[in-house]
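Nothing here was measured: the structure is a model prediction, and the numbers come from that model. Order of listing sets the numbers, starting from 1, for every ligand and every atom in it.
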Amino acid sequence: MGAVGTVVILAAGQGTRMKSECPKVLHSICGRPMVAYVVDQALSLDPDRVVLVVGKGAEDVKNAVLAAFPQAPIEFAIQEEQLGTGHAVRCAIEHVGPGPTLILYGDMPLLRPETLRDLVRVQVEGGPGESGALSALLTVNAQDPRGFGRILRQGGPDGALERIVEERDASPAERAIKEVNVGVYAFREGILAEYLPRLSRENAQGEYYLTDVASALVSDGHPVLALQLANESDAIGINTLEQLSEARAGLQARILAEHLAAGVHIEDPATTYIDWGVEIGQGTKIFPCTMIRAGARVGRDCEVGPFSHLRTGTVLEDGSHVGNFTETKNASLGTGTKAKHLSYLGDVEIGSKVNVGAGTIVANYDGKLKHKTQIGDRAFIGSGSVLIAPTRIGKGALTGGGAVVTRGSEIADGEVWVGVPARPLSGDRESSSTE
Ligand code: UD1
Ligand code: CA
């Protein structure tokens, strides 16, 4: 058994302030649902199980999480009515197993695994006896504490935790406190089962407050340890689209930093967008104003951008180049292949050392269905060619500038086709492309 028995993720909230039909925790950040980052946080602790408390859009949330984590030990608990954080955890109590329990929020995607490990350590090692303190929680000094529960300490800022008071229940003096409750807690085995049934709804919001468990422990004489988070931005909770965009920026910066550390040259991180989970090989150069979406893969020593858009299913083999105003989707480019200017490459398999001339368009969609195109090794696609799928262009074949290769065409290896509609040309290869 790892240090943590169960991680409970609260994700049943309505998310009304998002002004969206989409369940809040399914909003995408850098190409994956917000809640997936939180499941990663949970799994980083190697718990025996993870329980997600779901409410609004339960089925959709369940399906998205199971699809993203097919192998993980994830269970779901339903909270039909949102009666507060204490009630939400109570809905999950049947799923809670032996060992310490950690509580996370499904809308807090930037917390770092190190912080969570520290919190569990504080709980397990921080108190008297083998099982440590009964509970530990995270706090942070907020620039703007509005909306958060305030941390009250006995005898001033350095004292032991006394209780947590929600903003709507707080006095003006309490509201002036800047240390706030993040909402992340570790509890010793059995504590939640014992204390949750004692919660009452007698407060300004008529909710069962999980925070009252901490307050009750303290008044029963069991100290609750508070770990202060150094970096406030790690604790951003997402309630609005503005906060979603802030969190996106934070996660994007981390993703780019990982690529930079792995030897990917990113000239201008401020204008480079790379989704979560994109593999990029060492030595690749990414030029400004480029977007690489989830489900793309880029090899070593490639060049991408400026102004490129690599969409899902893009595979750039080692040493290939995609340049200015080129969009790729379900497109593979073999070793050393170049598509440097003004192209759309959709549903196409391109061999190695191919030159895709400026302005080449692979017309993959006939209005109803998408079709595939194949381009063989060392082919030379003239500038302004339109390849209407399905087509097959053989190895070393050439299309002339402005050729329209109509649907169903098969250009044999080494053949030269020109014109509108394109037809085979007998004679020498002409050069009509850009590099
Ligand atoms: C809670 C804390 C507050 C803390 C703040 C940090 C309580 C009573 N208060 O505030 O001290 O500063 O978090 O963000 O716990 N949720 C459910 N079911 C519910 C209610 C909430 O699943 O019935 C989930 C939400 O989806 C969200 C999380 O719990 O992920 C927090 O809910 P939210 O309403 O944002 O927090 P508060 O209760 O306002
Ligand atoms: Ca609330």
Under 3.5 Å: N/O of Q79 near N/O of ligand 1: yes
Check: E81 N/O within less than 3.5 Å of ligand 1 N/O: no
Shortest heavy-atom approach to atom 24 (C) of ligand 1 - which of L104, N239, L10, V35: L10
Polar proximity ligand 1 side, G183 side, N/O cut 3.5 Å exclusive: no
Heavy-atom check, side chain of R117 versus side chain of L45, under 4.5 Å: yes
Minimum heavy-atom distance L256-P269, with the two atoms named: CD1-O, 3.4 Å
Atom indices of ligand 1 within 4.0 angstrom of G149 heavy atoms, with elements: 3 (C), 4 (C), 11 (O), 12 (O)
Any N or O of Y185 closer than 3.5 Å to N or O of ligand 1: no
Residues forming a side-chain hydrogen bond (donor to acceptor under 3.5 Å, both in side chains) with Q79, sequence neighbours excluded: H87
Under-4.0 Å salt bridge between D275 and R293: yes
Within-cut-off N or O pair, A12 and ligand 1, under 3.5 Å: yes
Location of contacts on V53 toward ligand 1, heavy atoms closer than 4.0 Å: neither
Check against salt bridge (Lys or Arg N to Asp or Glu O under 4.0 Å), E167 and R150: CA-CA 7 Å; E167 172 153 295; R150 307 297 204 279; 2.9 Å; yes
For L83, atoms of ligand 1 separated by under 4.0 Å from a heavy atom: 23 (O)
Enumerated ligand 1 atoms positioned under 4.0 Å from heavy atoms of D107: 27 (C), 30 (O)
Modelled atom types, side-chain donor and acceptor of N355 and K340, under 3.5 Å: no
Proximal atoms of ligand 1 relative to V182 (non-hydrogen, under 4.0 Å): 6 (C), 14 (O)
Nitrogen or oxygen atoms of F148 and ligand 1 under 3.5 Å apart: no
Ligand-residue contact atoms, ligand 1 with G13, heavy atoms, under 4.0 Å: 17 (C), 22 (O), 25 (C), 26 (O)
G237 to ligand 1, any heavy atom closer than 4.0 Å: no
Atom indices of ligand 1, in the order listed, that fall short of 4.0 Å to a heavy atom of Y209: 8 (C)
Short side-chain donor-acceptor distance under 3.5 Å, Q14 and Q82: yes
D107 bridged to K24 by N-O distance under 4.0 Å: yes
Check ion pair D220-R198 (N to O, under 4.0 angstrom): yes
Under-4.0 Å salt bridge between R311 and E327: yes
Best match, Q14, K56, E166: closest heavy atom to atom 9 (N) of ligand 1: E166
Atoms of ligand 1, numbered as shown, that sit under 4.0 Å from any heavy atom of A88: 17 (C), 18 (N), 22 (O)
With sequence neighbours excluded, residues passing ring-ring contact (aromatic ring centres under 6.0 Å, His included) with F76: none
Backbone or side-chain N or O of Y105 under 3.5 Å from ligand 1 N or O: yes
